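Position 1 is the first residue of the sequence; numbering continues from there. This structure is a prediction, so every number in the text was calculated from the model and none was measured.
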Amino acid sequence: MRVLVTGGAGFIGSHVVSALADRGHDPVVFDLTEENGRDVRDSAQVREALAGVDAVCHQAAKVGLGKDFGDAPDYVSVNELGTAVLLARMAESGVRRLLLAGSMVVYGEGRYECPAHGVVRPGPRAEADLRAGRFEPRCPTCGADLAPGLVAEDAPMDPRNVYATTKLAQEHLASSWARATGGRVVSLRYHNVYGPGMPRDTPYAGVAALFRSALARGEAPRVFEDGGQRRDFVHVRDVAVANAVALEAVADTPGFVAYNVGSGDPRTVGDMAKALSAACAGPDPVVTGEYRLGDVRHITADSARLRGDLGWRPAVTFEAGMAEPGDGVA
């Protein structure tokens, strides 16, 4: 299968290219960062790149929370306009198979259960609570402590920042394209992807990449809040294999389907900082109590649908992945 991989020179995209080649496919890299970079917002370039292609794996995106709301036009331009141009040219060219790099950020906060009211959806945390060190969401009805759980693909969408909003918009555009053209779409909602090749020393990097950068400078990782935030850290090689497996199955997809991609082994941000410090023989993490508005407290995946439908299983354990030599994690 000849696959156009947008963002194919990037962190996740480059691993996807390798996984596709390993499975006997013919990946074609389309990336703005190459010497003769190509941009998914350029209609003519996209039209040319789609010639002879069987499927598209759309990884190109502006990622992370950004620095402030002033980044919103860039996020919308790259993530939404870029996806719209790609889909329009796919509709024109007859390419009808799409793998979309989605994200768990479309859910907002994770799944919570109240002892008295069952499954509830807490709203954004109040800044006054965060300033006071009250980081855990509480039941919106009775104020009781909540138990965090795993989020399934049928959870309501609740994007909490600009990046999350654009990732959800990508899914809506892809779903509309599928209905209009008879195309097939799989969206893989990545959880916290880490591993070799993650960019460092950038405000758009993931939290573990920032920790790894600090350790490389001989500094202690600075952990926000109390370090108790639960995440699902999934290795980039496992994510790349999930892309290849889903692309091989996308022709049989009924229109649009989304899958969570997580390790199934939730850990806290504090756990991850300690593991990285130990792996790098660096200083112990410092828990700062600092916070960022728009961050969610707990978000962890239920990847049972992907495992059941496509037989995908993560192969890299948390311990092995965090100890792995490399130039960054996310």
R125 and D295, any side-chain heavy atoms less than 4.5 Å apart
yes
Hydrophobic clusters here meaning ILVMFWY residues chained together by side-chain heavy-atom distances under 4.5 Å, can you tell me if L4 and V250 are in one?
no
Only counting residues at least two apart or in another chain, list the ones meeting side chain to side chain donor-acceptor pair (under 3.5 Å) with E92.
R47, R89
Could you tell me the separation between the CZ atom of F30 and the CG atom of L50, rounded to the nearest 0.5 Å?
8.0 Å
Single-linkage hydrophobic cluster M157~V185, side-chain heavy atoms < 4.5 angstrom:
no
Side chains of R189 and V105: closer than 4.5 Å at any heavy-atom pair?
no
Close side-chain approach of V162 to D71, heavy-atom, < 4.5 Å
no
If only side-chain N and O atoms count, and only distance matters, is there a donor-acceptor pair under 3.5 Å linking S213 with R217?
no
Name all pairs fulfilling the salt bridge (Lys or Arg N to Asp or Glu O under 4.0 Å) condition that reach into residues 306-322, sequence neighbours left out, sorted by first residue then second.
R267-E319
Verify whether one side chain among N260 and Y107 offers a donor that lies under 3.5 Å from an acceptor in the other.
yes
Nearest 0.5 angstrom please: I299 CD1 to S103 OG, how far?
9.0 Å
For the CZ atom of F256 and the CG atom of L98, what is their distance to the nearest 0.5 Å?
9.0 Å
Do we see a donor-acceptor contact under 3.5 Å between the side chains of T166 and E80?
no
Apply ring pair (Phe, Tyr, Trp, His ring centres under 6.0 Å) to the pair Y194 and H235, showing each step before the final yes or no.
CA-CA 5 Å; Y194 73 96; H235 196 278; 5.2 Å; yes
Basic-acidic side-chain contact under 4.0 Å: R231, D271
no
Given 3.5 Å as the limit, does a donor-acceptor pair link the side chain of H298 with the main chain of Y112, or not?
no
Look at the side-chain heavy atoms of Ile, Leu, Val, Met, Phe, Trp and Tyr, link any pair under 4.5 Å apart, and say whether W177 and L247 land in one connected group.
no
Less than 4.5 Å apart, any side-chain heavy atom of S263 and any of H191?
no
Looking only at side-chain N and O atoms, does Y291 offer a donor or acceptor that is under 3.5 Å from a partner on R131?
no
Looking only at heavy atoms, which two atoms of V241 and A19 are closest? And how far apart?
N-CB, 4.3 Å
If I take atom NE2 from residue H117 and atom OG1 from residue T141, how far apart are they, to the nearest 0.5 angstrom?
5.0 Å
Could you list who else is in L150's hydrophobic cluster, with ILVMFWY side chains joined at under 4.5 Å, directly or through other members?
none
Could you tell me whether R111 and E113 have a side-chain N and a carboxylate O separated by less than 4.0 Å?
yes
Establish, from distance only, whether the side-chain atoms of D31 and Q59 form a donor-acceptor pair under 3.5 Å.
no
Taking L173 as the starting point, is it possible to reach L99 by hopping between hydrophobic residues whose side chains are less than 4.5 Å apart?
no
Side-chain donor-acceptor contacts of residues 272-290 below 3.5 Å, not counting sequence neighbours, with atom names and distances?
from: S277; atom 1: OG; to: A273; atom 2: O; distance (Å): 3.1
from: S277; atom 1: OG; to: P283; atom 2: O; distance (Å): 3.0
from: T288; atom 1: OG1; to: V223; atom 2: O; distance (Å): 3.1
from: T288; atom 1: OG1; to: E290; atom 2: N; distance (Å): 3.0
from: T288; atom 1: OG1; to: E290; atom 2: OE2; distance (Å): 3.3
from: E290; atom 1: OE2; to: R222; atom 2: NH2; distance (Å): 2.5

Does a salt bridge link E225 with R297, judged by any charged N lying under 4.0 Å from a carboxylate O?
yes
For P124, side-chain contact (heavy atoms from CB on, under 4.5 Å) partners two or more places apart
R160
Validation row: E324, R237 side chains within 4.5 angstrom (heavy atoms)
yes
S187 and V257, any side-chain heavy atoms less than 4.5 Å apart
no
Heavy-atom neighbours of E48 CD exceed 12 at 6.0 Å
no
side-chain contact (heavy atoms from CB on, under 4.5 Å) partners of A60, counting only residues at least two apart:
T6, V40, H58
Point-to-point distance, once rounded to the nearest 0.5 Å, from CG of N161 to CZ of F69:
10.0 Å
Quick check for you: to the nearest 0.5 Å, what is the distance between K62 atom NZ and K167 atom NZ?
13.0 Å
